[in-house]
Amino acid sequence: MNRWLPFEWITAVRFLREGRLQTIFIIGGISIGVAVIVFMSAMLAGLQANFVKRVLTSQPQIQLLAPDQVARPLRNAKGEIEDPIVQRPSQRVISIDQWPKIRSQMQAMPEVVTVSPTILGSVLVVRGDASRSVTLSGVEPDSYFRIVKVPDYIVAGEARLTSEDIIIGIELAKDLGATVGDKLNVRAASGATRVLTISGLVDLGNKGVNQRASYAALRTAQSLLGMIGGVTTIDMTVTDIYAAEDIAQRIQAANAVEADSWIKTNAQFFTAVKAQQTTNTLIRLFVGLSVAFGIAAVLIVSVIQRSKDIGILRAMGTSRGQILRVFLVQGGLLGFIGSLFGAAMGAFALVYWHAVARQADGTELFPLILERSLFLYTALLATITGLLAAMAPAVRAAKLDPVVAIRG
Amino acid sequence: MASEILRLEKVCKAYNVGLPAETEVLHGIDLELDHGEFLALMGPSGSGKSTLLNIVGLLDRPTSGRLVIKGQDTAAMGDGEITHLRGHTIGFVFQYHLLISAFTARENVMMPMLVDRGFPSAEIEARANRLLAQVGLEKFAGNLANNMSGGQQQRVAVARALAMNPDLVLADEPTGNLDSKSADAVFELMRQVNRDSGTSFLLVTHNMELARRCDRIIEVVDGRIQA
Ligand SMILES: Nc1ncnc2c1ncn2[C@@H]1O[C@H](COP(=O)(O)OP(=O)(O)OP(=O)(O)O)[C@@H](O)[C@H]1O
Ligand SMILES: [Mg+2]
């Protein structure tokens, strides 16, 4: 007997050990349940983390835009009649009013990490006979590359943006039959034209984007788009990515700008995550319940099988409370041991699936995230489930009439 | 203090009280047991011997009447007090289901002390070893309960009953399942303990030959003590 274990633990362990097959099978059942939960939770967290990482390195977390231009009909003054239909005006590309002031305000906010003014506009790129309409982003590379990790996505050339450079998507390069070092004719709607040299090709992971993306220096783009000194968006990153929507709303309320967070622009993704999480919670709940019922069933049978032992223990002075605890400890131990095996099984399945499941391009489907907290949390939950499940059998054991039990 | 360890006054016991099947099994039992006395309880099957023993052993409560153990009236005691008194003053030897099969012989003997103290200790283990030696089973201390003969198990059960150094040992047909040689050994063991340490014994038996070797014989017939 272990000197450090109290009576209840010693007896609980012995009862479980003597119950051999019963114990092994129920621990197997608990393990499978725990493994499912661990595997599912970790994979979901991985997929989510992967997506978030992708989004956050290819999109600004908050983007400030010039507010919508609205038609202001004349109010019914004397002799004027309001048109019942107010047509939405076509949106001109206009600069954010007083953007340097807004930028410095943003930089002063403690939640904000990086601020980068950007100009966006449509241009036509022409090379020989080929021409494509693309979105030109005029950026300040120093700050912008900290928001959108263009250098990470460069597949040829380099992420250099002097006033004569342009970085384009790889699909666009294919369409134009151009490569690094080639010159492109870039023409704005106004007719302004510049000749820029391809300094790098980027692969942003999406064919449509790769066909339309192009980056130039801020000043180059400003002069091409005919907005000297103007910017159309201010891109930002923040310290807490999940607070982005809150921060965006505060900015919008305090300034004459529209602020979009990545959370809003990727609302679909978050809806999907929500749905996933609801499903996940339901699965957890039902797995937990079936584990609990399994433990309870095994212990109820054990109480009946051991009624004579319980009677003898009671006859030698064991209190109801001690008997109760002997069975509670059994439940808790089953849950805990099951969770250890289950966590190991879940982790093994994750490692295996991580190695086997690949995306179309051969990269990992989800990053392997084995957080210690997930295992601790699961073990704790399984132990508590075991304790709760043991409640009814334990009470039954404690209430057993020793006379009946001994006569058996 | 009176010299008796146990006193029953007009103890009645009915089963299924309040139900149509209500039956009174014991009808006003008066009984006294002195310190150090070795009493044999005899009687035909179904006469109420086990019922009486369960009441004396505080496993069951009388329907009416008084049960006084070591000068304490047990009627007003709660379950916790009763359990404590039982653990400290009474040892049991049963006919069936002698030992707890999940434990070894030594551990079975340690059990009552473990239940009382909460944790095992070298002292408890040493006492268990001494008791096993006393019943002549030191060689079997590490055996699981099921790996011993019936007579050996019953001797372990006697050692266990003595673990808490009780004032009274209740034995309900402890030799009923044993061959006559083992039965004799178990009986002699109890008699020896009784002589050496003055522990009182209340022994239910159908064996007239053994009963005659006790200090006193009482016969229960139909829930009454026969003169
Ligand atoms: N829980 C119970 N409910 C109803 N009747 C009971 C109960 N326990 C015992 N009895 C009845 O009480 C009577 C006495 O039983 P008890 O077991 O005390 O007899 P006994 O003298 O020990 O017999 P034996 O020598 O066969 O062991 C019997 O008629 C029995 O049927
Ligand atoms: Mg009987």
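Just so it is clear: chains get the letters A, B, ... in the order the sequence lines come, proteins before strands, and each one is counted from 1.
In this structure, chain A has no heavy atom under 4.5 Å from any part of B/S50. Of the atoms belonging to B/A122, heavy atoms from both backbone and side chain fall under 4.5 Å from chain A. No part of B/D116 comes within reach of chain A, as not one of its non-hydrogen atoms sits under 4.5 angstrom from that chain. Contact annotation for A/P6: both backbone and side-chain heavy atoms come within less than 4.5 Å of a heavy atom of chain B. When heavy atoms are compared at a cutoff of 4.5 Å, A/R17 does not approach chain B at all. When heavy atoms are compared at a cutoff of 4.5 Å, B/M164 does not approach chain A at all. Neither the backbone nor the side chain of A/W9 comes within contact range of chain B; no heavy atom of the residue lies under 4.5 Å from a heavy atom of that chain.
In this structure, CD1 on A/I312 lies 5.5 Å from CD1 on B/I100, to the nearest 0.5 angstrom. In this structure, CG on B/L99 lies 14.0 Å from NZ on A/K308, to the nearest 0.5 angstrom. Here B/N108 contributes atom CG and A/M316 contributes atom CE; the two are 6.5 Å apart, rounded to the nearest 0.5 Å.
Atom CZ of A/R372 has 12 or fewer neighbouring heavy atoms from other residues, nucleotides or ligands inside a 6.0 Å radius. For B/D222, the CG atom is loosely surrounded, since the number of other residues' heavy atoms within 6.0 Å does not exceed 12. Residue A/R396 places its CZ atom among 12 or fewer non-hydrogen atoms of other residues, nucleotides or ligands, all under 6.0 Å distant. The local environment of CD in B/E22 is crowded, with over 12 non-hydrogen atoms from other residues, nucleotides or ligands closer than 6.0 Å. The 12-atom threshold is exceeded at CZ of A/F269, counting heavy atoms of other residues, nucleotides or ligands nearer than 6.0 Å. The neighbour count for A/F51 CZ, taken as heavy atoms of other residues, nucleotides or ligands under 6.0 Å away, is above 12. More than 12 heavy atoms of other residues, nucleotides or ligands sit less than 6.0 Å from atom CZ of A/F15. Around the CE atom of A/M345, the shell of radius 6.0 Å holds more than 12 heavy atoms that belong to other residues, nucleotides or ligands.
In plain terms, the two heavy atoms of A/P402 and B/L59 that are nearest each other are CB-CD2, 3.8 Å. Summarising the geometry of B/S101 relative to A/E18, their closest heavy-atom pair is OG-OE2, 2.7 Å, with the distance given to 0.1 Å. Closest heavy-atom contact between B/V115 and A/T318: CG2-OG1, 3.3 Å. The two atoms that bring A/V403 and B/D60 nearest to each other are CG2-CB, 3.7 Å, heavy atoms only.
Options B/D79, B/N54, B/T104 differ in how many heavy-atom pairs under 4.5 Å they form with chain A, and the most are formed by B/D79. Interface remark: of the candidates B/R86, B/R106, B/H88, B/M111, B/R86 forms the most heavy-atom pairs closer than 4.5 Å to chain A. The greatest number of non-hydrogen atom pairs below 4.5 Å with chain B, out of A/A315, A/G19, A/S319, is found for A/A315.
A 4.5 Å side-chain heavy-atom check between A/I10 and B/F119 finds every atom pair outside the cut-off.
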